[in-house]
Amino acid sequence: MTTVRIPAGWPATEEEARAVQDELRGRVILDEPGPPPGAGTVTGVDVAYDDERGVVAAAAVALDAATLGQVAEATAVGEVSFPYVPGLLAFREIPTVLAALAALDRDPGLVVCDGYGLAHPRRFGLACHLGVLTGLPTIGVAKNPFTSTYEEPAAPRGSSSPLLSGGERVGRALRTRAGVKPVFVSVGHRTGIDNACAHTLALTPRYRIPDTTRRADALCRLALRNAVGRPGAPG
DNA sequence: GCGACAG
DNA sequence: ATCTTGTCGC
């Protein structure tokens, strides 16, 4: 497997990265309902890092939306393209994630990101960025509210409450398991919040985190071990 | 200025 | 994200 290099012209400073976000934000499409849940393909993407070696591994795992059975997977390894800066996560993950998606054997359908879409300080999180660059429908499902605030949703699974940022509703805190901390769903690109939440619930029949993200997480960690050190790698 | 801060 | 043992519970 080849290593994904940092693209030419990739932002090198926080200022440049924020300028890119400001420029691309206008290309987000928010007036499409997006793929309805229960049919088609849903793909999860995630990345793992070895910052000491400057290596990042990405994975894309495609599931049949109706059965949640896995239908395809792909990985890519690359150079870490940006430091971790809250609000600029996309610049750290996107080049390698794009390569993993490109290596997938079929149309990804809806892409589920581990992070934010609109629920972002500048309304342009990872899911929006990835959507604009690929043209694919995307959503963000995060484990923490970051700069947003929310009222605790009711205890039953499926309950939700608005995610607020600067007085705007930027997503929903969605309870995927009764009595357990909710996840934070926001729209990325070409998808509506109702479908985003419906997909999230369909992807969490058993765990708080979507199956797509869970499988992509396991796969990218494996890919990282395969690429660098090897406590636990076959071969 | 200080603290908070997706992964 | 990542560093990390045991342990409580379904």
Side-chain angles (χ1 to χ4, degrees), chain A residues 11 14 17-18 20-21 25 28 44-61 75-98 100 111-131 138-150 157 163-166 168 170-174 176-189 196 200 204-210 212-225 227-233:
Chain A
E14 297 182 25
R18 282 189 288 268
V20 170
Q21 291 183 327
R25 187 173 41 225
V28 176
V45 293
D46 195 17
V47 302
Y49 303 94
D50 183 331
D51 276 306
E52 284 198 9
R53 304 194 186 205
V55 176
V56 53
V61 176
T75 61
V77 173
E79 305 175 318
V80 170
S81 53
F82 210 82
Y84 172 65
V85 179
L88 300 177
L89 180 64
F91 296 92
R92 187 166 164 77
E93 312 207 330
I94 276 189
T96 314
V97 167
L98 286 176
V111 177
V112 180
C113 298
D114 187 16
Y116 297 133
L118 289 184
H120 176 275
R122 288 173 296 281
R123 306 292 179 271
F124 195 71
L126 170 64
C128 297
H129 203 146
L130 188 61
T138 62
I139 66 173
V141 181
K143 301 185 260 323
N144 297 290
F146 195 14
T147 54
S148 303
T149 59
Y150 68 102
R157 162 178 154 86
L163 241 196
L164 273 29
S165 179
E168 295 177 55
V170 295
R172 287 181 194 159
L174 178 65
T176 56
R177 292 211 65 191
V180 174
K181 175 179 179 175
V183 295
F184 304 92
V185 181
S186 58
V187 161
H189 185 60
T200 301
T204 51
R206 180 166 180 181
Y207 302 105
R208 177 171 86 109
I209 303 301
T212 37
T213 299
R214 289 171 49 82
R215 297 198 197 195
D217 178 75
L219 184 57
C220 69
R221 291 192 201 209
L222 186 66
L224 183 64
R225 302 186 122 177
V228 293
R230 40 186 32 190

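The sequence lines fix the lettering, A, B, ..., with proteins before strands; numbering per chain opens at 1.
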Classify every nucleotide of nucleotides 2-7 of chain B by which part a protein heavy atom approaches to under 4.0 Å, writing B for the base, S for the sugar-phosphate alone and - for neither, in 5'-to-3' order.
---BBB
How would you label the contact of A:Arg221 with the nucleic acid (heavy atoms, under 4.0 Å): base, sugar-phosphate, or nothing?
sugar-phosphate
Considering only NZ, NE, NH1 and NH2 on the basic side and carboxylate oxygens on the acidic side, decide whether A:Asp114 and A:Lys143 come within less than 4.0 Å.
yes
Do A:Pro121 and A:Phe146 come within less than 4.5 Å of each other through their side chains, counting heavy atoms only?
yes
Check whether A:Arg122 reaches the backbone of A:Arg25 with its side chain - one donor and one acceptor, N or O, closer than 3.5 Å.
no
Residue pair A:Val45 / A:Cys113, side-chain heavy-atom distance below 4.5 Å
yes
Under 4.5 Å between any side-chain heavy atoms of A:Val56 and A:Arg92, yes or no?
no
Toss me the dot-bracket line for DNA chain B: Watson-Crick and G-U wobble, both under 3.5 Å, 5' to 3', using | for pairs to another strand and [ ] for crossers.
.......
Under the 3.5 Å Watson-Crick or G-U criterion, the dot-bracket string of DNA chain C, with | for inter-strand pairs:
..........
Go through the side-chain N and O atoms of A:Arg172 and A:Thr200 and say whether any donor and acceptor fall under 3.5 Å apart.
no
Under 6.0 Å between the ring centres of A:Tyr84 and A:Tyr49?
no
To the nearest 0.5 Å, what is the distance between CZ (A:Arg214) and CG (A:Leu219)?
14.0 Å
How close or far is atom C1' of C:dG9 from atom OH of A:Tyr207, stated in whole angstroms?
14 Å
For A:Pro145, does its backbone N or O pair with a side-chain atom of A:Tyr116 as donor and acceptor, under 3.5 Å?
yes
Aromatic rings A:Phe91 and A:His129: how do their planes relate, parallel, tilted or perpendicular, breaks at 30° and 60°?
perpendicular
